Amino acid sequence: MTDVEEIFVSVDIETSGPIPGDYSLLSIGACSAYDPDNGFSCKVKPINENFQPEALEVTGLSMERLKIQGLDPEKAMKAFSTWLSTLAGSDGSVIFVGFNAPFDWSFINYYFHHFIGENPFGFTALDIKALYMGATGCSWGDTRSSKMAEVLKPTLIGTHDALQDARFQAEVFRRIRGELMEVSSHN
């Protein structure tokens with residue numbers, strides 16, 4: 001057992017394409033998984049001109065607008081890191097929680113290391129899809145958010161707004177841990 005308090009942080013991002021470096025992180029939304037009103041959100045200036053049209057269509061974000069209105073990536077990551085440190089305090093450890101965490105974490109990890117030299121989350125992330133699969137024994141295909149919502153009945157929905165989606169993910173995460181895992185621990 002450890003004395004370090006684990007603070008689960010639901011993180012969602014929007015990007016201009018599938019991989020960091022070649023494509024840009026455009027928006028970050030995050031919230032404390034157990035205090036979702038405590039959130040962080042920012043838009044980020046693109047690091048290059050690359051984008052996939054379908055990536056922008058789904059978010060409604062504009063590369064041109066973000067070049068003007070987005071935060072410089074270094075400032076965005078410093079602001080995110082500062083917010084995370086307020087959650088962790090002096091004795092806490094922030095745990096990255098994401099829906100399809102490998103995708104979101106890859107951009108967050110790249111941007112933290114590239115622009116400020118370290119990732120406050122360390123080198124790991126907790127994937128909600130994998131947690132759900134483990135808690136229910138379902139197939140990987142049944143870890144889609146629409147399938148999970150049928151079972152978990154969250155009050156929030158995903159909208160492709162990063163902060164709103166982080167709050168939706170936090171609710172799904174809490175329901176898995178509180179309802180599904182509680183039931184399975186009693187069997």
Side-chain angles (χ1 to χ4, degrees), residues 6-90 92-128 145 156 158-173:
E6 295 177 331
I7 294 90
F8 295 97
V9 181
S10 177
V11 180
D12 186 69
I13 64 168
E14 302 300 334
T15 71
S16 67
I19 59 172
D22 288 351
Y23 295 94
S24 299
L25 172 63
L26 303 177
S27 177
I28 303 168
C31 68
S32 169
Y34 288 95
D35 181 14
D37 289 335
N38 186 353
F40 173 86
S41 179
C42 73
K43 302 281 192 277
V44 184
K45 285 184 182 179
I47 59 173
N48 57 42
E49 300 290 324
N50 301 340
F51 71 94
Q52 291 184 337
E54 58 273 15
L56 297 182
E57 286 170 18
V58 75
T59 65
L61 296 172
S62 159
M63 298 284 281
E64 293 304 315
R65 213 170 320 130
L66 288 170
K67 287 178 193 175
I68 297 164
Q69 298 173 346
L71 287 177
D72 173 78
E74 182 177 345
K75 288 181 182 173
M77 300 319 287
K78 282 182 179 176
F80 189 24
S81 181
T82 298
W83 178 78
L84 289 168
S85 69
T86 67
L87 290 179
S90 61
S93 174
V94 289
I95 311 297
F96 184 109
V97 176
F99 191 87
N100 193 16
F103 177 80
D104 294 56
W105 186 85
S106 71
F107 275 87
I108 293 296
N109 186 54
Y110 176 87
Y111 270 67
F112 268 135
H113 281 287
H114 189 78
F115 291 104
I116 65 171
E118 65 179 340
N119 181 349
F121 292 111
F123 58 89
T124 63
L126 193 158
D127 182 45
I128 295 170
S145 61
L156 299 175
T159 63
H160 292 291
D161 171 86
L163 181 55
Q164 172 63 26
D165 287 358
R167 289 181 169 137
F168 165 70
Q169 292 172 182
E171 182 182 10
V172 169
F173 174 72

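Just so it is clear, the values below take in all heavy atoms, side chains as well, and ignore hydrogens, waters and symmetry mates. Given the structure is predicted, the values throughout are model-derived calculations rather than measurements.
Contact of the K43 side chain with the L61 side chain is registered, since non-hydrogen atoms from C-beta on lie closer than 4.5 Å. Under the 4.5 Å side-chain criterion, counting only non-hydrogen atoms from C-beta, T59 is not in contact with S27. S24 places none of its side-chain heavy atoms less than 4.5 Å from the side chain of V44. Side-chain contact between Y110 and L25 is absent, with no heavy-atom pair separated by less than 4.5 Å. Between I13 and D165, the closest side-chain pair of non-hydrogen atoms is not below 4.5 Å. In this structure, the side chains of L156 and Q164 come closer than 4.5 Å at one or more pairs of heavy atoms. Contact annotation: the side chain of I108 approaches that of F121 to within less than 4.5 Å [non-hydrogen atoms, C-beta and beyond]. For the pair F173 and S10, the minimum side-chain heavy-atom distance is 4.5 Å or more.
When the side chain to side chain donor-acceptor pair (under 3.5 Å) test is applied to N38, the partners found at least two apart in sequence or on another chain are W83. Remark: N109 engages W105, H113, N119 in a side-chain contact (heavy atoms from CB on, under 4.5 Å) (not counting sequence neighbours). Residues forming a side chain to side chain donor-acceptor pair (under 3.5 Å) with E49 (at least two apart in sequence, or on another chain): K67.
For the atom pair CG (L56) and CG (L66), the distance works out to 8.5 Å, reported to the nearest 0.5 Å. With rounding to the nearest 0.5 angstrom, the OG atom of S41 is 8.5 Å from the CD1 atom of I28. Here T82 contributes atom OG1 and L84 contributes atom CG; the two are 9.0 Å apart, rounded to the nearest 0.5 Å. Here the straight-line distance linking atom OG1 of T86 with atom CD1 of I7 works out to 10.0 Å at 0.5 Å rounding. The structure places NE2 of H114 at 11.5 Å from CE of M77, a figure rounded to the nearest 0.5 Å. Taken from CZ in F8 to CZ in F96, the straight-line distance is 13.5 Å, to the nearest 0.5 Å.
G29 and A162 get closest at one heavy-atom pair: N-CB, 3.3 Å. Listed here is the closest heavy atom pair of D127 and P102: OD1-CD, 3.9 Å. The heavy-atom pair separating L26 from M63 by the smallest distance is CD2-SD, 4.0 Å. Between A166 and C31, the closest heavy-atom pair is O-SG, 3.7 Å. For the residue pair I116 and S81, the shortest heavy atom distance occurs at CD1-CB, 4.0 Å. Taking all atoms of both residues into account, the shortest heavy-atom contact from L163 to G39 is CD1-CA, 4.3 Å.
Screening residues 11-22 for side-chain hydrogen bond (donor to acceptor under 3.5 Å, both in side chains) gives no qualifying pairs among residues at least two apart or on separate chains. Pairs engaging residues 9-37 under the ring pair (Phe, Tyr, Trp, His ring centres under 6.0 Å) rule: none recorded [sequence neighbours left out]. Sorted by first and then second residue, the salt bridge (Lys or Arg N to Asp or Glu O under 4.0 Å) pairs involving residues 69-81 (not counting sequence neighbours) are E74-K78.
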Q) Where do V97 and V9 land on the side-chain contact (heavy atoms from CB on, under 4.5 Å) test, with the steps shown first? A) CA-CA 6 Å; V97 176; V9 181; 6.0 Å; no
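F80 and F112 have their aromatic ring centers within a separation under 6.0 angstrom.
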